[in-house]
Amino acid sequence: MPAKPRVGDKVFTGLSTGSGVAILVILAAVAAFLLLRALPALTASADDIAAGGYTSNLAWLDGFWGWVLPLAFGTIWAALGALALAVPVSIGIALFISHYAPRRLAQTLGYVIDLLAAVPSVVYGLWGFFVLAPALGGLHRWLTTYLGWFPLFSGQASGTGRTIFTASIVLAVMILPIITSLCREVFLQTPKLHEEASLALGATRWEMIRMAVFPFARAGIVSAIMLGLGRALGETMAVAMILSGQNRISFEVLTAQNPNTIAANIALSFPEAYDLKINQLIASGLVLFIITLAVNMFARWIVSRRAAFSGAN
């Protein structure tokens, strides 16, 4: 005879199912709110948008999309710069904690890394504005002087150091504990038999990590990177405090004229917005929502493809 269901099992099942349904309902409600409030801006003519003061900076595209495209570019550009800086450091720290450091040092370092995630974003913004930006002024001038032939470092260096390069460094520090913590846990889950078998066959420690740890943790690393990317895409205060952003598309990372991000633009512009301007800002939030959703869907697709060959199964 089948076992009689317990009350606790029924309660737990109901809570789990209800929580999952509630997440979907909340997500759908947020999407519906953004779409309804964004419709006036999405359907407005280019003249109406220009009359509201939010004009396009692109000669080949006008209206709302000409206005929001540079903001979307700045959002993605700053986030990708943060990933380029944070991912190698995060994976290196995670490997050091999980496979190289003595146990006591690993515990202390892991605790310090976790503490970084608890620092408010406004504190990172203040640190970037008052400490990091002035300190990087000399580096900016050196890069533009000697590496100005490279497109990223071309142009006139900013005298204040408040560039998208500085903002990317701050974002990298902010997402570093997220990526490091998740990668560390995934690396620690690697079967010991796989590691010992690699070492027994004569592999060095690095070869063991490359042949046993990385294949097992590949899906987890991708998930950690995507979570960090989601944090970088939606960061508001730190970017708003560092950048004096403009509505432009530029790949130069050391100049005073920097592309702005959607989240920072909403935070800075919303207090003075009215009528159609409010709808435009909400519509830009809808664009950021779609970008974040697309990033997470892409990450899930990558993880599902590699799940059979990693520790995700």
Side-chain angles (χ1 to χ4, degrees), residues 76-119 147 150 152 165 168-235 253 291-313:
I76 298 174
W77 187 234
L80 291 179
L83 280 186
L85 296 172
V87 169
V89 178
S90 299
I91 294 178
I93 295 175
L95 282 176
F96 178 75
I97 293 175
S98 60
H99 287 82
Y100 287 93
R103 182 181 297 259
R104 182 171 297 180
L105 178 60
Q107 292 176 348
T108 303
L109 186 58
Y111 178 71
V112 172
I113 293 296
D114 293 337
L115 280 180
L116 289 177
V119 178
L147 297 178
F150 191 62
L152 295 181
F165 178 70
S168 295
I169 294 178
V170 174
L171 289 177
V173 175
M174 296 179 67
I175 67 177
L176 186 142
I178 299 174
I179 302 176
T180 301
S181 298
L182 293 175
C183 289
R184 177 190 64 197
E185 295 303 320
V186 173
F187 292 158
L188 290 174
Q189 296 301 317
T190 305
K192 293 299 180 183
L193 289 178
H194 293 185
E195 297 181 359
E196 293 172 356
S198 299
L199 295 174
L201 290 173
T204 63
R205 181 172 295 187
W206 166 244
E207 290 173 336
M208 177 270 293
I209 291 173
R210 185 166 54 86
M211 294 185 297
V213 177
F214 281 162
F216 178 86
R218 188 169 299 159
I221 294 174
V222 172
S223 300
I225 293 174
M226 291 301 107
L227 284 176
L229 178 59
R231 170 72 187 276
L233 288 172
E235 180 51 43
V253 298
I291 292 174
T292 306
L293 185 63
V295 166
N296 283 278
M297 292 177 64
F298 180 68
R300 292 304 308 170
W301 177 72
I302 294 178
V303 171
S304 63
R305 287 189 66 222
R306 301 300 306 176
F309 307 100
S310 68
N313 60 342

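Bear in mind the structure is a predicted one, so any value in this text is a computation, not a measurement.
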For a quick test of your reading: what N or O donor-acceptor pairs under 3.5 Å do the side chains of residues 78-95 make, sequence neighbours left out?
from	atom 1	to	atom 2	distance (Å)
S90	OG	A86	O	2.7
S90	OG	T180	OG1	3.4

Hey, are the side chains of [X] and [Y] touching, using non-hydrogen atoms and a 4.5 Å cut-off?
X: S168; Y: V253; answer: no
X: L293; Y: M297; answer: yes
X: L152; Y: F165; answer: no
X: W206; Y: I209; answer: yes
X: L233; Y: I291; answer: yes

[X] side, atom [atom1]; [Y] side, atom [atom2] - distance, nearest 0.5 Å:
X: D114; Y: Y111; atom1: CG; atom2: OH; value: 9.0 Å
X: S181; Y: L116; atom1: OG; atom2: CG; value: 9.0 Å
X: I178; Y: M226; atom1: CD1; atom2: CE; value: 13.0 Å
X: L105; Y: Y100; atom1: CG; atom2: OH; value: 14.5 Å
X: S98; Y: R184; atom1: OG; atom2: CZ; value: 9.0 Å
X: I179; Y: L229; atom1: CD1; atom2: CG; value: 8.5 Å

#### Entry: Residues, nucleotides or ligands: over 12 heavy atoms within 6.0 Å of R300 CZ
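No, the 6.0 Å shell around CZ holds no more than 12 heavy atoms from other groups.
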### Task
Indicate the atoms forming the closest heavy-atom contact of A203 with L199, along with that distance.
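Closest heavy-atom pair between A203 and L199: O-CD2, 3.5 Å.
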N/O donor to acceptor pairs below 3.5 angstrom from side-chain atoms of residues 185-196, sequence neighbours left out:
from	atom 1	to	atom 2	distance (Å)
T190	OG1	F187	O	2.9
E195	OE2	H99	NE2	2.9

